[in-house]
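The structure under discussion appears below in the form of structure tokens.
Chain identifiers are assigned alphabetically (A, B, ...) following the order of the sequence lines, protein sequences preceding nucleic acid strands; residue numbering begins at 1 within each chain.
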Amino acid sequence: MEYVTPFDERVREPVAHAPRPEDLCGRTVALLDINKARGAEFLDRVEELLREHGADTVRAAKPSFSRPATGEQIAEIARGVGLVVEALAD
Amino acid sequence: MSVLPDVALERLDGPPVSIADLFAGERVVLVFVHGDCPTSLLALRRLAAAGDSAARLVCVAEEDVVGAARLARRAGVDFTTLAAPAPYELSRTLGIETVPTAVLLGADERIVGWDADAYERLLGVELPGEPRLKPGCGARSIEAEPAGGLDELEDMFERGWTDGLPVVPPTPERVAAMLGGRDPDRSLGRVPPAHGEATLERVASCAVLAGCRPAYFPVVVAAVEAALEPAFNPHGLAVTTQPAGVVAVVNGPARERLGLNGGIGALGPGNRANATIGRALRLVLTLTGGAAPGALDRSTLGSPLKVGVCFAENEEASPWQPLHVEHGFDADASTVTLVAADAPLSISEHRSRTPEELAATLGWAAAATWSPFWWPMDDTSLYVVCPEHSALFAAAGWSKERLREAIYEAVVRPARELQRGETTPTVWASGPDELIHKWTDPEKIQFVVAGGEAGRFSAVFGPCDGMGTRPITKEISWST
């Protein structure tokens, strides 16, 4: 039986994860604060630990946790860094 | 030995393989499993953890390739896995009735269910740990199938084209009737979070699935247009851990034209237009948009609202401007307004005799919505005022604006009573006796009139606080 799909099949393809780096030395990690309560404190500690492992860090913040980061913000992060840590929730 | 079918089976770690290739002089044990069987998972995990075996193990999953891959991943299987989907030719030939079943090719030896000792003997490995024995499950190959192949309603569940309830299969004929001559490729935009494109054809498919009559389609289209407005924040509402639902309110002539219910039982079941329009919108969001519960929809508890809520405003029983006129549309326009909402809270009030008393009851009922100490709330609360309540306000000459102000002013508490648990920075920054309102602004309080003529039960839909969403009204276009 033939049916009309409600799905946009183009977007159902799974996207592969980027390969995991061997180590953090000399790499730049973006720390994205989604702007939920105390997310910045969590990222402060993560940043400390990453630096102990030799990584450079940059901080970024979304204007609101309830909306996606802007395309511009994502492009900016993707241009400058190799890894991202996101403080997802409170 | 059975004569094996010469079928090529999809394998996960290489090109398709035929059963004949599997012999190739080796001692091969096929382990038949499927993903709904806990004993299959147990067997695969234990076998995956075993050391080198005296036989070559091959997992035969009664699944398609995706299902087989998922099962292999869950079990940590590192040996060859084959996908052997319906019609289960290999299982049927070998008479597999139970999974797991291990079959030593070229011999009569087999193990049915999980039997650690028997596997140890067959494979020459150690399989420590409990349980030693566990009964298996029915193989998919022996599950009853209706004559003529898979039932079309069951097929919809298999495909995942559902919200969990049976759906109407979207055949090309039904979708064409739903489209009514509209351009199937016209796009209403991309639906977050997966950003599937809401072409009219896909929206029509969802409307068919939901059980809509073609006459309802213009309302579904307008509702999808409203849902995709950035100011509605469709992305946040789709993925949040909140129980965020969407309420659709229809105003204007569309209500009578389509038989939408705004009277007795307006928020309940029993009316096809109400039930299916709300459901069609949800299916667009969850199927085309990819916000499937537990996948990209991360709502902790979910909500009955996520099945879909649509009702008409009872404009005839309302003493006030209807919702769409308040939002700037002509009274004779047909519109749909979407409000992002928490579950409705019923408000019984049969004793008030003054508008002030009734306003206070309606207002204080909302005091614990979102969270009891979270004052003020910054997103929309939607009151559904029943006709007996609205008549009391009408008799006193109260406008919507006056009621809105009265509720806003009535519901205040000193900051000291709110300084605990989940509360706002505003409360912490306030002096102990400073009065805090339940809403940041009276405009966050919205009203529609609906319900039967008897009974004094209104309701309030609490807000999706923090979502930064606002009600969106769209005019319904009847043209094709």
Query raised in the report: Does a donor on one side chain and an acceptor on the other come within less than 3.5 Å for A/Asp8 and B/Thr288?
Result: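 On atom types as modelled, these side chains do not qualify, holding no pair under 3.5 Å.
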How about [X]: does its [atom1] atom have over 12 heavy atoms from other parts shown lying under 6.0 Å from it?
X        : atom1 : result
B/Arg182 : CZ    : yes
B/Arg213 : CZ    : no
A/Glu52  : CD    : yes
A/Glu48  : CD    : yes
A/Leu49  : CG    : yes

Requested in this report: Mind ranking B/Ala204, B/Pro169, B/Pro192, B/Ala198 by heavy-atom pairs under 4.5 Å with chain A and telling me who comes out on top?
Outcome: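 Greatest number of close heavy-atom pairs with chain A: B/Pro169.
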If I compare all heavy atoms of [X] with all of [Y], which pair ends up nearest, and what's the gap?
X        : Y        : value
A/Val4   : B/Pro172 : CG2-CA, 3.8 Å
B/Ser205 : A/Pro6   : OG-N, 3.5 Å
A/Arg67  : B/Met467 : NH2-O, 4.4 Å

Requested in this report: Give me the one residue out of B/Asp465, B/Asn233, B/Thr240, B/Asp379 that meets side-chain hydrogen bond (donor to acceptor under 3.5 Å, both in side chains) with A/Ser66.
Outcome: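 Passing option: B/Asn233.
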Report task. Select one option (side chain, backbone, both, neither) describing which atoms of B/Leu237 are under 4.5 Å from chain A's heavy atoms. Result ->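 For B/Leu237, no heavy atom lies under 4.5 Å from chain A.
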Query raised in the report: Residues two or more places apart in sequence or in another chain: which of them pass side-chain contact (heavy atoms from CB on, under 4.5 Å) with B/Val168?
Result: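 Here the qualifying residues are B/Arg174, B/Val208.
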Requested in this report: Taking side-chain contact (heavy atoms from CB on, under 4.5 Å) as the test, write out the residues that go with B/Ala280, two or more places apart.
Outcome: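 B/Ala280: side-chain contact (heavy atoms from CB on, under 4.5 Å) contacts with B/Ala207, B/Ala210, B/Cys212, B/Val220.
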Query - Ring geometry between B/Trp161 and A/Phe7 (parallel below 30°, tilted from 30 to 60°, perpendicular above 60°) - result: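 Geometry flag for B/Trp161 against A/Phe7: tilted rings.
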Query raised in the report: In Å, rounded to the nearest 0.5 Å, how long is the span from OH of A/Tyr3 to CZ of B/Arg159?
Result: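 Answer rounded to 0.5 Å: 6.0 Å.
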Query raised in the report: What is the distance from atom CZ of B/Arg202 to atom CD of A/Glu9, rounded to the nearest 0.5 Å?
Result: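 Reported value, rounded in 0.5 Å steps: 8.0 Å.
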